[in-house]
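Structure, as structure tokens:
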Amino acid sequence: MIRKHIPFFLIFLMLSCSGAIETGNNRYNAETKQEKPVIVPVFDPDSAYHFIAQQVAFGPRVPNTEAHRQAGLWLAGQLERFADTVYIQQTRVRAYNGTVLNIKNMIGVFQPESRRRILLCAHWDSRPYADYDPDPEKHYTPIDGANDGASGVGVLLEIARLISEEAPGTGIDIIFFDAEDYGRHRFSQLPEDDSWALGAQYWARNPHRPDYNARFGILLDMVGASGATFRREAYSMLYAPNVVRKVWDTAHRLGYGHLFLNTDGSFIVDDHYYINRIRNIPTINIIHQDDSTLHGFFPEWHTTGDNMDVIDRYTLQAVGETVMKVIYGE
Ligand code: AHN
Ligand code: ZN
């Protein structure tokens, strides 16, 4: 009699256990399946390349010049094509040398009604001086800034185009900052303090909406050169380590680990610094850092060599695909 009871009890236990396991598995599967299917539109590096070439064709986009004015009108028009709402912040700021600069920050808003928002940004001006040019005669020549400036804008215009066709699950704000690159000339005796990122400093103190906030921000700076390497920039790690982790993990999963290096970069005072310090929005900088050069950036940095010849579609694709995956995964 006892022998009969034991097998029945064991069978009951086994059944209930396996049942529990199955239920658990099913629930887990159901939950995984319920996660919204993430359809990420395909980033077109040729399109991004063309957006860069169009900016460079205006000539150096130095504040107070006709090329800057014309490029600004063109850029605002592109943003109008894609965004739901466009804000143009026109103002004057004082450069380190006393020059008053007429500048425009441009903000493209996608899904203005959405409360969950991500900020994407780049600077659209180019540097007035090639102060690292190998030829000393060119140290006061303005630069094309194909990589330093136009590349970030080109990637973001392509992202804007894709967002306008297939909205992600979160609101997006794309900001093109002016006067990032009017920082102190390397041979000037004047103080360097806060001479960079003048447009971003203005926006951080005067956002397009007084209550503006975003869950996080991503700055793209020098994201188009061949052989680019992106290190974990130090202010990004200080203010937004989780965002760095998220973006770098995404890049690695997409097979771009050879560009997004798991090594620490240096502190770069760039647009994201003021967004973090003044607006408290955790914002990272995806910026090409290179240990082998004197200044730590790509070899043609702040030289007349920063032209279309340095632009590589593969780098644009790596950055564009990674940022697209991050924003459509949110
Ligand atoms: C400094 O050299 C302090 N900041 C560089 C930021 C920059 C210049 N990004 C592009 N051009
Ligand atoms: Zn620069």
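Ligands are counted one by one from 1 in listed order, and the atoms in each one are counted from 1 as well.
Within ligand 1, the atoms closer than 4.0 Å to a non-hydrogen atom of D148 are 10 (C), 11 (N), numbered from 1 in the order shown. Remark: ligand 1 atoms within the under-4.0 Å shell around heavy atoms of W301 are 8 (C), 11 (N).
A salt bridge links R232 and D264; the closest N-O separation between the charged side-chain nitrogens and carboxylate oxygens is under 4.0 Å. The pair R161-E165 meets the salt-bridge criterion, with a side-chain N (NZ, NE, NH1 or NH2) lying under 4.0 Å from an Asp/Glu carboxylate O.
Using a 30° and 60° split on the angle between ring planes, W248 and F260 fall in the perpendicular class, above 60°. Using a 30° and 60° split on the angle between ring planes, H295 and F297 fall in the parallel class, below 30°. Below 30°, between 30° and 60°, or above 60°: for H185 and H139 the angle between ring planes is above 60°, a perpendicular geometry. Y314 and H258 have tilted rings, their planes meeting at an angle from 30° to 60° on a 0 to 90° scale. Between Y140 and Y129, the ring-plane angle classifies as perpendicular under the 30° and 60° cut-offs. Ring-plane geometry between Y212 and H208 is classed as tilted, the angle between the planes lying from 30 to 60 degrees on a 0 to 90 degree scale.
Between the side chains of Y274 and D194, at least one donor N or O lies within less than 3.5 Å of an accepting N or O.
At a 4.0 Å heavy-atom cut-off, ligand 1 touches D221 through the side chain alone.
Residue W196 holds the heavy atom nearest to atom 1 (C) of ligand 1 of all those in F267, Y182, W196. Around atom 7 (C) of ligand 1, the closest heavy atom drawn from E180, R127, R184 belongs to E180. With D270, D271, V269 as candidates, the residue nearest to atom 5 (C) of ligand 1 on a non-hydrogen basis is V269.
No N or O atom of H123 sits closer than 3.5 Å to an N or O atom of ligand 1.
Under a 4.0 angstrom heavy-atom cut-off, H302 registers as being in contact with ligand 1. Residue contact check for ligand 1: M222 places a non-hydrogen atom closer than 4.0 Å to it.
Remark: R186 is positioned above the aromatic ring of Y132, its terminal NZ or CZ atom under 6.0 angstrom from the ring centre and at most 45 degrees off the axis. A cation-pi geometry, defined here as NZ or CZ lying under 6.0 Å from the six-membered ring centre and within 45° of its normal, holds between R313 and Y49.
In terms of protein heavy-atom proximity, atom 8 (C) of ligand 1 is nearest to D181 OD1, 3.2 Å.
Listing protein N, O or S atoms at distances below 2.8 Å from the Zn ion (ligand 2), with waters left out, gives D148 OD2, D181 OD1, D181 OD2, H302 NE2.
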